[in-house]
Amino acid sequence: MQLQPDRPDEDAGTTLLGPDGRVYVLRVWYEGASTSRQWRASVRIGTNGERRHFASIDDCIEHLYGELARR
């Protein structure tokens, strides 16, 4: 079964959905030994866009907040 886009201007490789928003892919994981594990995160714009890595969840959230505040 093939999924159809919700809107005609959406496409799996398109990062902008139009004037109303963007798609971000957020990935979070633990890194390090079991005694000193830390959260790490990455954010990618759309499915094929630039990926940014963060050393903490707070840094990632701050970045996303900055992206959304500019809109």
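From Tyr24, atom OH reaches atom SG of Cys60 across 11.0 Å, with rounding to the nearest 0.5 Å.
For residues 33-44, the salt bridge (charged side-chain N to carboxylate O under 4.0 Å, His left out) pairs, not counting sequence neighbours, are Glu31-Arg40.
Under the 4.5 Å side-chain heavy-atom criterion for Ile, Leu, Val, Met, Phe, Trp and Tyr, Tyr65 and Val23 are members of distinct hydrophobic clusters.
Partners of Ile57 by side-chain contact (heavy atoms from CB on, under 4.5 Å), not counting sequence neighbours, listed by chain and number: Val28, Trp39, Ala41, Ile61. Considering only residues two or more places apart in sequence or on other chains, His63 meets the ring-ring contact (aromatic ring centres under 6.0 Å, His included) condition with Phe54. Every residue two or more places apart in sequence or in another chain was checked for a side chain to side chain donor-acceptor pair (under 3.5 Å) with Asp58, and none qualifies. Looking at residues two or more places apart in sequence or on another chain, you find a side-chain contact (heavy atoms from CB on, under 4.5 Å) between Glu50 and Arg52. Remark: Ser42 engages Arg27, Trp29, Arg51, His53 in a side-chain contact (heavy atoms from CB on, under 4.5 Å) (not counting sequence neighbours).
For Val25 against Gly46, the heavy-atom pair with the smallest separation is CG2-O, 3.4 Å.
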